[in-house]
Amino acid sequence: MSRYFQALACVCCLAPITVSWAAEPSLICFGNEPSWRLDLTDAGKARFSTPDASPVEYRGAGSTLRPRNETVWRGRAAGPGGGELVALLREGACSDGMSDTVHPYSVNVSLPDGRHYAGCCRVPERPVASATLQDSTWRLTRLPGFTLPAVHERNAVTVSFKGGRVHGFSGCNQFMGSYALEGERLVLGRLGGTMMACPEPAMSVESRFLKAFSGTLNVAVAANSMTLKPANGGEALKFERAPPPRLEGVQWEVTGYNNGRQAVVSPKTGTRLTLTFQDGRVSGSSGCNRFHGEFKVEGNALKIRPLATTRMACEDEMMTQERQFLQALESATTWAIVRGMLDVHRADGERVLTAHAAGE
């Protein structure tokens, strides 16, 4: 037993201390140099782990010492040997020495082999359910060791999780891969992606992000923010929940449309194709005439009813473009907004059109 715990035992013998068997606090205790962790998140159980050894589980209980406002947790190893772990938890501000975070408990831990550790304890975040991660796009706000460029929809690093698959934009390229949630830990599989080259600082951002966004990460989600911190120690990636994509109330300027011959082409020079969705009505410019009609949206499903136009006559090429554009628009079945760009598809998967918000 360490001198610290011997001293505690002496004090307990000399001074009357009230022992309360109140509910054990749910805590995650940890320390650095060397790195270690003690999970006290399940009643009657403790789990001690270090990076270079298998975790050891203990079964025991905690008691609060009054008026010292301390909790002593004692338990024996569940496996062979059955040695005793003792953790003395003291409520009060504790600094981990690695960040500016102040934790609510300090701890001293004694292991059966005589090793002694001191550190801090934090209250665990609510266990991360898939629903807290899914159906949202998370936008990177902090990349350790790098100052991110001004956020713009088209250059923001983003991640999205759904059904065991993760995808996003890493600064230059699109990436995708697999993931699993194990309690408060996010375990990422190997990521793949496109292989474009981009000017700086995009490539540096991408390289640093992909290196950090790998392996096993401790995940915490609170309201509209998410923190991912390496399980083996290190600085955290921070994200904010991006606003939900907005189809309506935006004037979209078309950058490409399906010409009906399995090709997406740009509008002809000197012409402008636009569309706006609002309150069940879609309208815009088809290059020569104005058009309008009804639409219906359910999630990412989109249905556009037959469109009507004004009756101006223009050059043949402009009229051909107009006809192709309106036919493509009426074939739409799904919509999405990817990096600020509107991307519309039809039932067979062919792209209908792409567009960006006017003025961008």
Side-chain angles (χ1 to χ4, degrees), residues 2 4-5 7-8 11-12 15 17-51 55-75 85-111 115-129 132 141-142 144 182-186 216-240:
S2 70
Y4 185 91
F5 287 95
L8 173 64
V11 171
C12 292
I17 296 177
T18 302
V19 177
S20 170
W21 296 92
E24 301 167 16
S26 180
L27 298 170
I28 295 175
C29 305
F30 59 93
N32 303 294
E33 298 179 358
S35 176
W36 61 272
R37 173 170 166 150
L38 176 66
D39 289 76
L40 295 167
T41 52
D42 297 323
K45 296 180 181 179
R47 184 173 184 267
F48 185 86
S49 59
T50 60
V56 179
E57 293 194 354
Y58 296 82
R59 297 183 182 276
S63 57
T64 300
L65 308 177
R66 310 285 185 190
R68 297 174 63 87
N69 205 29
E70 295 176 341
T71 297
V72 176
W73 197 98
R74 293 177 180 272
L85 174 146
V86 181
L88 176 65
L89 306 159
R90 179 181 292 110
E91 190 171 357
C94 179
S95 172
D96 58 22
M98 300 290 285
S99 69
D100 295 330
T101 304
V102 177
H103 302 281
Y105 284 83
S106 59
V107 63
N108 284 270
V109 180
S110 178
L111 297 182
R115 285 180 293 164
H116 173 254
Y117 296 92
C120 298
C121 303
R122 63 179 175 84
V123 178
E125 299 281 346
R126 179 174 57 87
V128 178
T132 64
T141 58
R142 182 176 183 273
E182 299 177 357
E184 292 182 321
R185 294 194 172 192
L186 173 69
T216 301
L217 304 169
N218 293 327
V219 55
V221 177
N224 292 319
S225 64
M226 176 175 69
T227 300
L228 300 178
K229 187 172 184 178
N232 59 359
E235 294 187 77
L237 295 169
K238 293 187 178 181
F239 299 80
E240 63 181 5

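Just so it is clear, the model here is predicted, and its values are computed rather than measured. Side-chain atoms are counted along with the backbone in the values below, which use heavy atoms only and exclude waters and symmetry mates.
- For the atom pair OG of Ser225 and CD of Glu240, the computed distance is 9.5 Å after rounding to the nearest 0.5 Å.
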After noting the C-alpha distance and the side-chain angles of Leu111 and His116, does the key distance pass the side chain to side chain contact (heavy atoms under 4.5 Å, CB included) rule? CA-CA 6 Å; Leu111 297 182; His116 173 254; over 6 Å; no
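- Summarising the geometry, atom OG belonging to Ser63 is positioned 11.5 Å from atom CH2 belonging to Trp73; distances are rounded to the nearest 0.5 Å.
- The two residues Cys121 and Pro104 come nearest to each other via the heavy atoms O-CD, 3.2 Å.
- Residues Leu40 and Lys45 approach most closely at CD2-O, 4.0 Å, considering heavy atoms.
- Partners of Pro55 under the side chain to side chain contact (heavy atoms under 4.5 Å, CB included) rule, at least two apart in sequence or in another chain, are Arg47, Ser49.
- For the atom pair Thr71 OG1 and Leu88 CG, the distance stands at 8.5 Å (nearest 0.5 Å).
- Between Cys94 and Cys120, the SG-SG separation falls below 2.5 Å.
- Shown here are the salt bridge (Lys or Arg N to Asp or Glu O under 4.0 Å) partners of Glu57, two or more places apart in sequence or in another chain: there are none.
- Between Arg122 and Phe30 there is a side-chain heavy-atom pair separated by less than 4.5 Å.
- Here Thr50 contributes atom OG1 and Trp36 contributes atom CH2; the two are 11.5 Å apart, rounded to the nearest 0.5 Å.
- Between the CG atom of Leu27 and the OG1 atom of Thr41 there is a distance of 9.5 Å, given to the nearest 0.5 Å.
- Heavy atoms only, all atoms of each residue included: Ser35 and Pro51 are closest at O-CD, 3.2 Å.
- Side chains of Tyr117 and Cys29 form no contact here, defined as non-hydrogen atoms less than 4.5 Å apart.
- The shortest non-hydrogen separation linking Arg37 to Ile28 is NH2-CD1, 3.5 Å.
- Atoms CG and CG, from Leu85 and Leu38 in turn, are 6.0 Å apart once rounded to the nearest 0.5 Å.
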Review item, side-chain donor-acceptor pairs of residues 226-239, under 3.5 Å, at least two apart:
| from | atom 1 | to | atom 2 | distance (Å) |
| --- | --- | --- | --- | --- |
| Glu235 | OE1 | Arg142 | NH2 | 2.9 |

